[in-house]
Amino acid sequence: PPERRRMAAAPPPTPPLAPPTPATKTGPKRRRVHRGQPDPPPGDPVGHDGTVTFRSQFSGDYNGFSWNSQASMSPCEKLQTPKLHRLHRLAHKHDFGTVQETHNHKGKSDASSLGLDPDKFKVLWNDCTTARGGIALILKKSFLAQFNSLSPNPVAAGEWITIVPGFVSMLKLSGPLGALHIVAAYFPTGHSGNAQDRINVIHKIARHLTPPHLALTIICGDFNFVES
């Protein structure tokens with residue numbers, strides 16, 4: 001009879017080896033810090049009237065205007081009257097507006113509300129001389145009602161800030177709908193300054209700007225230059 005061979009069974013497959021365990025760091029963990037928008041201090045600031053302010057951009061509606069009046073405070077009635085008529089039309093159509101080159105000085109601006117009803121409008125000034133500069137910011141009080149009420153002296157309270165005397169100011173408003181900062185600017189002209197003077201004004205404005213996630217900033221005015 002033929003010889004039979006006994007076949008040995010194949011050995012079972014070897015299980016795969018487990019991957020090596022990575023070494024763990026024993027040092028302190030590092031926290032990634034995003035420097036672009038630092039977290040604000042805890043808690044929301046409270047206005048002098050007790051209204052809570054949220055640290056964010058103003059989320060309400062608004063419309064504004066900017067106008068170079070070319071001496072709206074002129075002592076010549078023939079020049080001043082038509083300018084004030086136009087200013088009144090602009091003020092009644094908008095929530096706020098900036099007026100440049102008003103040629104107002106301290107005594108004149110203190111005694112003037114530009115002929116606007118003080119029960120309906122608030123006017124803030126940055127004085128210069130009767131021959132150059134001067135700016136005004138006009139706001140409807142119905143618009144201001146969305147924010148914490150202004151202090152009796154906005155300058156002393158740091159709400160109406162003079163950045164460049166006679167040329168640039170900033171109003172800081174805040175309330176339940178967020179923060180709104182309005183910059184009224186009138187840059188030096190070729191007769192009263194040069195390119196470097198205007199650059200210096202830009203740098204001064206930049207130092208007063210709040211990060212955009214904390215306030216909505218509107219810069220309006222007459223900048224007296226064009227991009228080349």
Side-chain angles (χ1 to χ4, degrees), residues 34-41 43-49 51-69 90-91 93-102 121-128 133-151 153-188 197-227:
H34 181 54
R35 300 184 183 279
Q37 296 183 352
D39 292 334
D44 293 314
V46 179
H48 69 89
D49 58 353
T51 306
V52 176
T53 300
F54 293 104
R55 298 177 183 272
S56 62
Q57 289 191 0
F58 175 64
S59 59
D61 296 328
Y62 63 89
N63 60 65
F65 72 90
S66 177
W67 179 45
N68 186 325
S69 65
L90 289 170
K93 291 179 180 179
H94 299 83
D95 296 318
F96 63 86
T98 62
V99 186
Q100 300 83 40
E101 207 173 354
T102 55
F121 293 92
K122 176 72 174 178
V123 182
L124 299 170
W125 297 94
N126 185 343
D127 298 316
C128 199
I135 56 176
L137 175 59
I138 304 170
L139 305 107
K140 280 183 178 177
K141 290 190 175 180
S142 58
F143 177 70
L144 288 175
Q146 302 178 83
F147 304 94
N148 300 341
S149 60
L150 290 175
S151 303
N153 188 342
V155 175
E159 297 165 335
W160 178 239
I161 302 170
T162 298
I163 299 176
V164 180
F167 290 91
V168 184
S169 287
M170 172 189 285
L171 176 65
K172 292 187 174 184
L173 299 171
S174 57
L177 294 179
L180 174 65
H181 297 174
I182 304 173
V183 179
Y186 176 60
F187 283 24
D197 292 328
R198 289 185 282 275
I199 291 173
N200 293 338
V201 171
I202 293 173
H203 290 166
K204 290 179 180 180
I205 293 175
R207 288 195 290 269
H208 285 80
L209 298 182
T210 299
H213 66 293
L214 296 180
L216 174 63
T217 301
I218 300 173
I219 303 176
C220 46
D222 186 350
F223 303 104
N224 280 315
F225 74 87
V226 294
E227 297 182 2

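Because only heavy atoms are used, hydrogens play no part in the values below, and waters and symmetry mates are left out as well, while side chains stay in. Predicted model only: the values in this text are computed from it and were never measured.
- To the nearest 0.5 Å, atoms CE (Met170) and OG1 (Thr217) are separated by 5.5 Å.
- Rounding to the nearest 0.5 Å places SG of Cys220 at 7.5 Å from CG of Leu137.
- For the atom pair Gln57 CD and Leu216 CG, the distance stands at 5.0 Å (nearest 0.5 Å).
- Contact check for Ser169 versus Leu124: no side-chain heavy atoms found under the 4.5 Å cut-off.
- Closest heavy-atom contact between Phe96 and Tyr62: CE2-CD1, 3.9 Å.
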Check your understanding: Yes or no on side-chain contact (heavy atoms from CB on, under 4.5 Å) for His208 and Ile161, after CA distance, side-chain angles and deciding distance?
Key -> CA-CA 9 Å; His208 285 80; Ile161 302 170; 4.0 Å; yes
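- Summarising the geometry of Ile135 relative to Tyr186, their closest heavy-atom pair is CG2-CB, 3.8 Å, with the distance given to 0.1 Å.
- One distance of note links CG of Leu139 with CG of Leu171; it measures 6.0 Å at 0.5 Å rounding.
- Formation of a donor-acceptor pair under 3.5 Å by the Ser174 side chain with backbone atoms of Ala179 is not found in this model.
- Atom CG in Leu173 sits 8.5 Å away from atom CZ in Phe58 (nearest 0.5 Å).
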Check your understanding: Should Ile138 and Val99 be marked as a side-chain contact (heavy atoms from CB on, under 4.5 Å) after you check the CA-CA gap, both sets of side-chain angles, and the distance that decides it?
Key -> CA-CA 8 Å; Ile138 304 170; Val99 186; 4.0 Å; yes
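- The OG1 atom of Thr98 lies 7.0 Å from the CZ atom of Phe65; values are rounded to the nearest 0.5 Å.
- Using a 4.5 Å heavy-atom cutoff, the side chains of Val168 and Lys204 are not in contact.
- In this structure, the side chain of Asn63 engages the main chain of Asp95 through a donor-acceptor pair within 3.5 Å.
- Relative ring orientation between Phe147 and Phe143 is described as perpendicular, the plane-to-plane angle rising above 60° on a 0-90° scale split at 30° and 60°.
- Checked by atom type and distance alone, the side chain of Gln146 never pairs as donor or acceptor with a backbone atom of Leu177 at under 3.5 Å.
- At distances below 3.5 Å, not a single donor-acceptor pair connects side-chain atoms of Asn126 with backbone N or O atoms of Pro165.
- In terms of heavy atoms, Phe121 sits closest to Lys140 at CE2-CG, 3.6 Å.
- Closest approach of Gln100 to Asn68, counting heavy atoms only: OE1-N, 3.4 Å.
- The two residues Asn148 and Gly175 come nearest to each other via the heavy atoms OD1-CA, 3.7 Å.
- Taking the side chain as every heavy atom from C-beta outward, Asp197 and Phe187 never approach each other to under 4.5 Å.
- Of the possible polar contacts, one joining the Thr102 side chain to the Gly134 backbone as a donor-acceptor pair under 3.5 Å is found.
- Of all heavy-atom pairs spanning Ser69 and Glu101, the tightest one is OG-O, 3.4 Å.
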